[in-house]
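Report on one structure; see the data block that follows.
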Amino acid sequence: MCLALPAQITDIDFATQMATVSVDGVKVEVSLALVDDVKVGDYVLVHVGYALNKIDEDEALKTLALFAEAGLTAS
Amino acid sequence: MLIGNTPEQVLSVVPLLFSLCGNAQAYAALLACRAALQMPAEPEADAARECLLQLETVREHAWRILLDWPGLLKRQPDKTAVAALLKIDRQFKACLFQDGEAFIPDSRLQIDAPRLQSLLAELTGLIDQTIFDGGLSGFLAITDEAQLRDWLDGNSALSAELLNALYRWNWLALGYSDVACLPELDYAELHRQLQNEDLSAFCRAPQWQGHCYETTPLSRQQAQPLIAELQSRYDNSLLVRFVAVLLEVAAIPQGLTASEGRAYAANCIGLAQVQAARGLLIHRLALRQGRVYDYRIVAPTEWNFHPDGVLAQGLKSLQADNADGLRQQAEWLINAVDPCVQYRLVLTPEN
């Protein structure tokens, strides 16, 4: 089944439209080419190397808690 | 994680967990909950929900075509087009339901027909321009391989370049397997089979009446004249799979079909089948004293990536002169069967 994990943006390189995000405690590089108006600290849904859309912090934390409860993430 | 929840809680949690095919997942959950609770169907709202499912299929096909197919052809993807596509897609729910709340029991239908038509036209235009290079209507008129070859001749659209590569490399019949397409599952029969199955095992590796089946866009498009003709020559190989996806992405925005949402109820068990972008999605829940005590989801991936299923058999049939060629063939086949699955490909030398 395909899942998109919420991830918090920790760094942005505007020149390359790439961001570093934290997914389940692991830092990964994702493309920001598909989303507008994001900044460090925002949560985005990440799938196959792309941030798909911005989501609000409450929804992101709730979703991460559900993933953790289901044993799909470590924390 | 859904166990112990009320059906209302299930319906709020499912879209958070499954945001990629969120409409399909949320609709399957709604149908299953409604059946288990013996709530009446909502024909008008369900027709609108079916439209949202079909539009989600278009979005899923289109964004993966725009991102993945250039990669398969060793080119850079047009990310601006993907961003525009996602922007259009985000607006559909609000055109059909109050506050964009489409998949809750008290969703209120509120159709903004002019805006919906305008968005559909925008979506069709974007797909026509970025995938078909203005040749979408010509593509939809094709009914046999000879016409397809004519359409492909000198065509530099993304869709045509991919299909032309298959002809150039003689990869048309690549990835054949003898796994058939899943027939329409009769609800009563499906319920009976599930009552007698180890449900965990079924969800991991489903079979129908003892056999593996595939459930993909090809399963849905088999009746199309072009697909029927191509299948008579190339069966379920790479060319036929890519053409089936192109037919869906081209045809759906031009003819949304409002069908009835169906589910099955038996002794506080609700069973729902919906067509998600990649194939059949099944939700089954059982309620006890108003709360979920069992919830199962069978995703199309589990049918298609079954150890004896269509992808496994297709991969075994691949033949190439060298490891790079074999890897490339495998990447194309995996993308054609289900581009959403993340995978790691390891080639093991023969002893």
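Naming convention: chains lettered A, B, ... in sequence-line order (proteins, then strands); numbering from 1 in each chain.
Using a 4.5 Å cut-off between heavy atoms, B/Pro77 touches chain A through its side chain atoms alone. Interface residue B/Leu67: only side-chain heavy atoms are found under 4.5 Å from chain A. Neither the backbone nor the side chain of A/Ile55 comes within contact range of chain B, judged by heavy atoms closer than 4.5 Å.
In terms of heavy-atom pairs under 4.5 angstrom with chain B, the leader among A/Leu45, A/Asn53, A/Leu52 is A/Leu52.
Residues B/Asn304 and B/Asp338 have side chains that never bring a donor and an acceptor to within less than 3.5 angstrom of each other. Donor-acceptor pairing under 3.5 Å is lacking for the side chains of B/Thr57 and B/Arg278. Side-chain contact, B/Tyr295 with B/His283: a donor N or O sits under 3.5 Å from an acceptor N or O.
The ring-ring contact (aromatic ring centres under 6.0 Å, His included) test applied to B/Trp69 returns B/Phe242, not counting sequence neighbours.
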